[in-house]
*Asks:* 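Okay, handing you the structure first.
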Amino acid sequence: MNVIKYLHNYLIKNKYNIGFVQNDIKSILNGDPLNIKWLKHSFRDRWFADPFILEVNNKEITILAEEWYYPINKGRISKLVIDKKDYKLKYIKIVLELDTHLSFPAIERINDNIYIHPENSLSGYHKIYKYNKQKDIFEEHSTLCNLPLTDSICTQLFGSKLMFSTKLPDANGNVLGIYEWDDDKREYKFKEEIILNDNIARMAGNFFTFNGCIYRPAQVCIKSYGDAVSIQQISYNNQWTIKEIIRLYSPNKKLDLGFHTFNIYDGNIVVDALGYRHPFVCHLILLIYRLLKLRETKKDS
């Protein structure tokens with residue numbers, strides 16, 4: 001049984017990969033099947049998730065993403081340059097790494113400067129980092145909020161500087177917190193919260209607009225963390241109104257365990273999906289493990 005436990009704990013590892021959606025947003029909102037080109041790379045000791053688009057040109061797409069590196073068992077933020085022709089990874093560089101886990105590098109563009117405020121809830125606070133173009137790294141700028149926020153997104157689409165986020169210990173629940181910028185204290189302060197009717201509060205990417213409406217990508221965390229992406233129409237008229245338009249699931253049979261990031265920039269849409277690192281081995285081990293557990297249960301009874 002010890003061997004089976006070892007195999008279960010160490011061989012059954014999940015992995016994410018990043019995808020580039022070929023549909024336009026109208027097609028997605030209409031419920032058309034997703035056409036996704038998946039990132040191609042040769043790494044076996046890491047995976048990539050939580051993509052945000054940094055820039056796009058005729059030949060390349062540059063994104064910031066979580067790079068989960070198995071040897072250190074945590075995430076860091078890396079810049080990935082991808083060839084638009086075949087979606088092969090051309091270049092990678094770590095641009096931010098801390099002692100604690102980093103993910104979800106939400107991008108803020110302010111004047112000519114680029115900032116990110118990644119998920120770093122294990123530190124107990126939420127900081128923002130400024131891009132140093134010469135060094136090609138992100139450097140600490142300031143603290144946005146002294147709370148363990150999870151997957152936060154800032155926006156001014158509702159008339160003031162707001163930040164939407166869930167937080168520990170209920171990061172994957174149904175409570176969406178709204179924080180407002182305090183000019184005097186130079187940080188975001190809690191304003192109010194929205195209680196949703198399902199575990200679809202956690203942000204999955206930046207707000208976007210289409211045909212005069214504002215949309216919020218959110219993570220569906222019902223069966224597990226990041227089952228799917230919920231695209232929600234959101235508005236404010238003395239009270240918040242959120243209406244789910246569609247739920248998006250991974251169309252990739254090898255990456256069908258989760259689908260939890262959705263970002264649009266300059267007409268380009270990027271997502272991620274979760275699957276087993278070694279699908280055949282994992283399914284075989286899981287079957288053996290369940291059979292042995294069933295056998296033990298029958299013995300006990």
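We use all heavy atoms of the structure for the numbers below, so side chains are in, but hydrogens, waters and symmetry mates are not.
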*Asks:* Of the non-hydrogen atoms in G258 and S250, which two are nearest, and what is the gap between them?
*Replies:* O-CB, 4.1 Å
*Asks:* Can you tell me which residue pairs pass the salt bridge (charged side-chain N to carboxylate O under 4.0 Å, His left out) test with a partner in residues 80-91, sequence neighbours excluded?
*Replies:* E60-K90
*Asks:* Among N17, I61, D272, which residue satisfies the side chain to side chain contact (heavy atoms under 4.5 Å, CB included) criterion with L39?
*Replies:* N17
*Asks:* Closer than 4.0 angstrom, basic N to acidic O: yes or no for R247 and D198?
*Replies:* yes
*Asks:* Closer than 3.5 angstrom, by distance alone: can the side chain of N14 be matched with the main-chain N or O of L274 as a donor-acceptor pair?
*Replies:* no
*Asks:* Less than 4.5 Å apart, any side-chain heavy atom of I36 and any of P251?
*Replies:* yes
*Asks:* Within this structure, what is the CZ-CD1 distance for the pair F208 and I264, rounded to the nearest 0.5 Å?
*Replies:* 4.5 Å
*Asks:* For V81, what are the other residues in its hydrophobic cluster, where any two members join if their side-chain heavy atoms are less than 4.5 angstrom apart?
*Replies:* Y91
*Asks:* Residues sharing I72's hydrophobic cluster, by side-chain heavy-atom contacts under 4.5 Å among ILVMFWY, directly or via others?
*Replies:* Y69
*Asks:* Go through the steps to decide whether E192 and W240 satisfy the test side-chain hydrogen bond (donor to acceptor under 3.5 Å, both in side chains), and finish with yes or no.
*Replies:* CA-CA 10 Å; E192 57 186 313; W240 292 99; 3.1 Å; yes
*Asks:* What pairs of residues pass the salt bridge (charged side-chain N to carboxylate O under 4.0 Å, His left out) test when at least one of them lies in residues 171-184, not counting sequence neighbours?
*Replies:* D183-R186
*Asks:* Could you check whether F52 and F104 have their ring centres less than 6.0 Å apart?
*Replies:* yes
*Asks:* Give the table of side-chain donor-acceptor pairs shorter than 3.5 Å for residues 144-151, with sequence neighbours excluded, one pair per line with atom names and distance.
*Replies:*
{"from": "N146", "atom 1": "ND2", "to": "E187", "atom 2": "OE1", "distance (Å)": "3.2"}
{"from": "T150", "atom 1": "OG1", "to": "T166", "atom 2": "O", "distance (Å)": "3.0"}
{"from": "T150", "atom 1": "OG1", "to": "T166", "atom 2": "OG1", "distance (Å)": "2.6"}
{"from": "T150", "atom 1": "OG1", "to": "K167", "atom 2": "N", "distance (Å)": "3.4"}
{"from": "D151", "atom 1": "OD2", "to": "R202", "atom 2": "NE", "distance (Å)": "2.7"}
{"from": "D151", "atom 1": "OD2", "to": "R202", "atom 2": "NH2", "distance (Å)": "3.2"}
{"from": "D151", "atom 1": "OD2", "to": "Q219", "atom 2": "NE2", "distance (Å)": "2.9"}

*Asks:* Short question: side chain of S230, backbone of A218 - any donor-acceptor pair under 3.5 Å?
*Replies:* no
*Asks:* Taking the side chain from N174 and the backbone from L196, do they hold a donor-acceptor pair closer than 3.5 Å?
*Replies:* yes
*Asks:* Please list all pairs passing the salt bridge (charged side-chain N to carboxylate O under 4.0 Å, His left out) test where one or both residues lie in residues 225-239, with sequence neighbours left out.
*Replies:* none
*Asks:* Might you work through the side chain to side chain contact (heavy atoms under 4.5 Å, CB included) test for E139 and L96, ending with a clear yes or no?
*Replies:* CA-CA 8 Å; E139 299 172 329; L96 180 64; over 6 Å; no
*Asks:* Less than 4.5 Å apart, side chain to side chain, heavy atoms only: is that true for F259 and V271?
*Replies:* yes
*Asks:* Can you run down the side-chain hydrogen bond (donor to acceptor under 3.5 Å, both in side chains) pairs that involve residues 208-218, sequence neighbours left out, and say none if there aren't any?
*Replies:* R216-Q232
*Asks:* Excluding sequence neighbours, so at least two apart, what forms ring-ring contact (aromatic ring centres under 6.0 Å, His included) with F207?
*Replies:* F158, F164
*Asks:* Hey, does I94 have a side-chain heavy atom less than 4.5 Å from the side chain of E67?
*Replies:* yes
*Asks:* Just by distance, do the side chain of N252 and the backbone of K254 share a donor-acceptor pair under 3.5 Å?
*Replies:* yes
*Asks:* Taking distance alone, no hydrogens or angles, what donor-acceptor pairs closer than 3.5 Å link side-chain atoms of residues 20-27 to residues at least two apart or in another chain?
*Replies:*
{"from": "Q22", "atom 1": "NE2", "to": "F20", "atom 2": "O", "distance (Å)": "2.9"}
{"from": "Q22", "atom 1": "NE2", "to": "Y87", "atom 2": "OH", "distance (Å)": "3.4"}
{"from": "N23", "atom 1": "OD1", "to": "N35", "atom 2": "N", "distance (Å)": "2.8"}
{"from": "N23", "atom 1": "ND2", "to": "S27", "atom 2": "OG", "distance (Å)": "3.2"}
{"from": "N23", "atom 1": "ND2", "to": "P33", "atom 2": "O", "distance (Å)": "2.9"}
{"from": "D24", "atom 1": "OD1", "to": "K26", "atom 2": "N", "distance (Å)": "3.4"}
{"from": "D24", "atom 1": "OD1", "to": "S27", "atom 2": "N", "distance (Å)": "2.8"}
{"from": "S27", "atom 1": "OG", "to": "D32", "atom 2": "OD2", "distance (Å)": "2.9"}

*Asks:* Are I114 and F138 side-chain neighbours, meaning at least one heavy-atom pair lies under 4.5 Å?
*Replies:* yes
*Asks:* Under the side chain to side chain contact (heavy atoms under 4.5 Å, CB included) test against T143, which residue among H126, K127, H117 passes?
*Replies:* K127
*Asks:* Taking E119 for its side chain and S121 for its backbone only, find out whether a donor-acceptor pair lies under 3.5 Å.
*Replies:* yes
*Asks:* Is there a side-chain contact between L34 and Y249, using heavy atoms and a 4.5 Å cut-off?
*Replies:* no
*Asks:* Any heavy-atom pair between the side chains of E193 and L176 that's under 4.5 Å?
*Replies:* no
*Asks:* My understanding is that a hydrophobic cluster links ILVMFWY residues whose side chain heavy atoms are under 4.5 Å apart, including indirect links. Using that, what else belongs to the cluster containing V175?
*Replies:* I195
*Asks:* Going by ring-ring contact (aromatic ring centres under 6.0 Å, His included), name the residues that satisfy it together with H260, two or more places apart in sequence or in a different chain.
*Replies:* Y16, Y225
*Asks:* For the backbone of P105 and the side chain of D50, can you confirm whether one donor and one acceptor N or O come within less than 3.5 Å of each other?
*Replies:* no
*Asks:* Let me know which of V270, D266, N263, L64 forms a side chain to side chain contact (heavy atoms under 4.5 Å, CB included) with I53.
*Replies:* V270
*Asks:* Would you list the pairs meeting salt bridge (charged side-chain N to carboxylate O under 4.0 Å, His left out) in which at least one residue belongs to residues 94-109, sequence neighbours left out?
*Replies:* K74-E97, R76-E97
*Asks:* Would you check if F210 and Q233 make a side-chain contact, meaning some heavy-atom pair closer than 4.5 Å?
*Replies:* no
*Asks:* I need the minimum non-hydrogen distance between Y179 and S165, along with the two atoms involved.
*Replies:* CE1-O, 4.2 Å
*Asks:* T261 and P51: which non-hydrogen atoms are nearest, and at how many Å?
*Replies:* CG2-CD, 3.6 Å
